[in-house]
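All remarks here apply to the structure that follows.
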2 protein chains.
Amino acid sequence: MQINRMSVQLTERMKCSECPIRHRAVCARCDDTELERLEKIKSYRSFRAGETIIWRGDDLHHVSSVVSGIATLSKTLDDGRVQMVGLLLPSDFIGHPGRKTLDFDVTAATDVVLCSFERKPFEKLLVETPHISQRLVEMAMDELDAARDWMVLLGRKTAREKLASFIQMLVQRSHIEGSGMQEMTLPLTREEIASYLGLTLETVSRQFSQFRKEGILSFTDRRRFTVADHAALLEATGDDADGGVII
Amino acid sequence: MQINRMSVQLTERMKCSECPIRHRAVCARCDDTELERLEKIKSYRSFRAGETIIWRGDDLHHVSSVVSGIATLSKTLDDGRVQMVGLLLPSDFIGHPGRKTLDFDVTAATDVVLCSFERKPFEKLLVETPHISQRLVEMAMDELDAARDWMVLLGRKTAREKLASFIQMLVQRSHIEGSGMQEMTLPLTREEIASYLGLTLETVSRQFSQFRKEGILSFTDRRRFTVADHAALLEATGDDADGGVII
DNA sequence: CGCTCACCTTGATCTGCATCAAGTCGTCTT
DNA sequence: AAGACGACTTGATGCAGATCAAGGTGAGCG
């Protein structure tokens, strides 16, 4: 998968200044001096696809940024029903400042590399480094916006609209730079997508087939596809038909 | 837009130290000096039930705390489907630091009094007053948690579980102090509740009737009720059956 | 006082998605 | 190469909640 392009070398000491998420992560606003302080307390940690990174309620020893790969946040009800409540892509942050635990499970959907800081020293740094706490507030607010958009999806959208919105989000977040008809890889199984969208895996599968039949998506295999008709995909999301389309 | 706020009787100068939301709002951690600075730039604004407080996309001149009453946050899709994405109770905060607009409408569900600050001076204060920004991060994180819980409700719960969860939340947030079989008043119409829960108003009405028939709720009128069987209500939420139940 | 209108209730019917079921496909194991 | 297994697809059927429809109730007002 393209997101893992740099995979293995990452776990060795890498300069923050060369970090692929340098300009989007929690450290985005740090100057060189601040970066040096972070550099001293950071460590890279890798997880294989499927591994649980943090269990709900576990003592949180680290806070982390996702460097590469994709992780999921999910909540489970008593009787086993699962709802995914977030997707972590590179540059996203894990950890509540001022809390010792999380109220959801964090799981590696693909192989994942984290840039981690021990919680205590990080919180100390947070107080002394406004650039970090400012960025953290920004990121929390962005996440809140995203959560609210997702509430609309979960509460009001049809299965078709849900899947279209999911694909659209993937497309937008994946290739921020290069547009064009790029091949995409689904980072999640049908079941995981269903869990994110509040659907069943069968419904997700049927909607994928439908998009294929309509010529909106074109699959090269079960996980790899290109968006053949981007306008139709946007139309199918049910959202306002803006989104900065090319004229 | 009709942001006419004529009634200003309740809203005479009130000392922050006597404010009912003093210990829970964004100013909760402020010391006396900081409170004085806030006092200087604050103003009270009142809205009648049904009035729109802020339209999605409007320039945000103020940030505010809810002093009394209840406001709703909602998003509307192209074709008119509405999803409520938050409920603001006293002490809750309106406004994204660092943003000039909101991506949802804020509406007064009951008569509402806000404690407002002009955005610019407040943001200046934010930089100079860590106690405020710390509290703001805390509140944003709490909201994020609540949003994620709501995602589980919207994505996975049945109509019965949704309504039970809603009532349970109201009960918990309303009388934090006095427990016992207190009479509650629904702050929202059936339609608004439906909008919050991702249901239709008819389904909400039917579920209320069901709870009445089962003796879980006891209505004195369409809006006023008491929880007659709290254990059964908790059971009906579908959540973990903890919550400090008496043994 | 009776009219209106917003809000709510209840019944009948419909439908989108869940559920149940039976495969296919590709990869890994031995 | 055969089998097993996990991921996925597709079909048949069921049902929770949406939709359509027809009142009921009470506060405000001429």
Side-chain angles (χ1 to χ4, degrees), chain A residues 1 48-50 72 77 79-83 107 109-110 153-167 185-214 217 219-225 236 238, chain B residues 48-51 72 77 79-83 107-111 153-167 185-214 217 219-225 236 238:
Chain A
M1 120 165 359
R48 312 307 310 264
T72 65
L77 293 174
D79 58 2
R81 282 174 288 176
V82 180
Q83 175 66 49
T107 310
T110 64
L153 178 145
L154 291 172
R156 295 295 169 200
K157 288 191 176 181
T158 64
R160 178 183 172 88
E161 290 169 336
K162 284 177 173 182
L163 191 61
S165 301
F166 173 71
I167 297 165
T185 301
L186 291 171
L188 304 178
T189 65
R190 300 290 186 265
E191 186 167 17
E192 288 167 326
I193 296 170
S195 161
Y196 199 22
L197 299 176
L199 297 170
T200 58
L201 69 95
E202 292 95 329
T203 298
V204 170
S205 181
R206 278 186 246 273
Q207 294 300 329
F208 268 126
S209 299
Q210 189 58 32
F211 284 140
R212 182 172 41 70
K213 277 181 204 154
E214 293 178 22
L217 300 182
F219 284 84
T220 63
D221 95 24
R222 283 171 177 180
R223 292 289 197 104
R224 303 187 70 79
F225 68 94
Chain B
R48 313 308 308 264
E51 259 188 282
T72 65
L77 294 175
D79 58 2
R81 282 174 289 176
V82 179
Q83 175 66 47
T107 309
T110 64
D111 288 355
L153 177 144
L154 290 172
R156 295 297 170 199
K157 287 190 176 180
T158 64
R160 177 185 174 87
E161 290 168 335
K162 283 177 173 182
L163 191 61
S165 302
F166 172 71
I167 298 166
T185 301
L186 291 171
L188 304 178
T189 65
R190 302 288 187 267
E191 187 167 17
E192 288 167 327
I193 296 170
S195 160
Y196 199 20
L197 299 176
L199 297 171
T200 58
L201 69 94
E202 292 95 329
T203 298
V204 170
S205 181
R206 279 186 244 274
Q207 294 301 328
F208 269 127
S209 300
Q210 188 59 32
F211 284 142
R212 182 172 43 69
K213 278 182 203 151
E214 292 178 23
L217 300 182
F219 283 84
T220 63
D221 106 17
R222 283 172 176 178
R223 291 289 197 102
R224 302 188 68 79
F225 68 95

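In the text below, chain A, chain B and the rest are named by the order of the sequence lines, each starting its count at 1. Heavy atoms only: backbone and side chains are in, while hydrogens, waters and symmetry mates are out.
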Measure from [atom1] on [X] to [atom2] on [N] and round the result to the nearest Å.
X: B/R224; N: C/dC8; atom1: CZ; atom2: C1'; value: 18 Å
X: A/I193; N: D/dT9; atom1: CD1; atom2: C1'; value: 14 Å
X: A/Q210; N: D/dT9; atom1: CD; atom2: P; value: 13 Å
X: A/K162; N: C/dG16; atom1: NZ; atom2: P; value: 14 Å
X: B/L154; N: D/dA16; atom1: CG; atom2: P; value: 20 Å
X: B/K213; N: C/dT9; atom1: NZ; atom2: C1'; value: 10 Å
X: A/F225; N: D/dC8; atom1: CZ; atom2: P; value: 13 Å
X: A/R190; N: C/dT24; atom1: CZ; atom2: P; value: 19 Å

Listed by chain and number, what are the side-chain hydrogen bond (donor to acceptor under 3.5 Å, both in side chains) partners of [X], not counting sequence neighbours?
X: A/R160; answer: A/E214
X: B/T158; answer: B/E161
X: A/S165; answer: A/K157

Nearest-neighbour nucleotide for the B/S209 side chain, C/dT10, D/dT9, C/dC8 considered: C/dT10
B/F219 and B/F225 aromatic ring geometry - parallel, tilted or perpendicular at 30°/60° bounds: tilted
Verify, without hydrogens or angle tests, whether [X] (side chain) and [Y] (backbone) share a donor-acceptor contact under 3.5 angstrom.
X: A/R206; Y: A/L201; result: no
X: A/R48; Y: A/T110; result: no
X: B/R223; Y: B/L186; result: yes
X: B/E51; Y: B/T107; result: no

Check ion pair A/D79-A/R81 (N to O, under 4.0 angstrom): yes
With rounding to the nearest 0.5 Å, note down the distance linking [atom1] in [X] to [atom2] in [Y].
X: A/E202; Y: A/E191; atom1: CD; atom2: CD; answer: 9.0 Å
X: A/R156; Y: B/L77; atom1: CZ; atom2: CG; answer: 9.0 Å
X: A/L199; Y: A/Q207; atom1: CG; atom2: CD; answer: 8.0 Å

All stems with DNA chain D, defined as three or more consecutive Watson-Crick or G-U pairs under 3.5 Å: C:1-30 with D:1-30
Below 4.0 Å: OP1/OP2 of D/dC8 and any side-chain N or O of A/R223: yes
Under 4.0 angstrom between B/S205 side-chain N/O and C/dT10 OP1 or OP2: no
Touch class at under 4.0 angstrom, heavy-atom based, for B/R212 against every strand present: sugar-phosphate
Distances under 3.5 Å only, N/O to N/O: pair up the protein atoms with those of nucleotides 18-20 of chain D.
from: D/dA18; atom 1: OP2; to: B/T200; atom 2: N; distance (Å): 3.4
from: D/dA18; atom 1: OP2; to: B/T200; atom 2: OG1; distance (Å): 2.9
from: D/dA18; atom 1: OP2; to: B/T203; atom 2: OG1; distance (Å): 2.4
from: D/dT19; atom 1: O4; to: B/R206; atom 2: NH2; distance (Å): 2.9
from: D/dC20; atom 1: N4; to: B/E202; atom 2: OE2; distance (Å): 3.2

Could you write out each protein N or O paired with an N or O of nucleotides 25-28 of chain D at a distance under 3.5 Å?
from: D/dT25; atom 1: O4'; to: B/R222; atom 2: NH2; distance (Å): 3.1

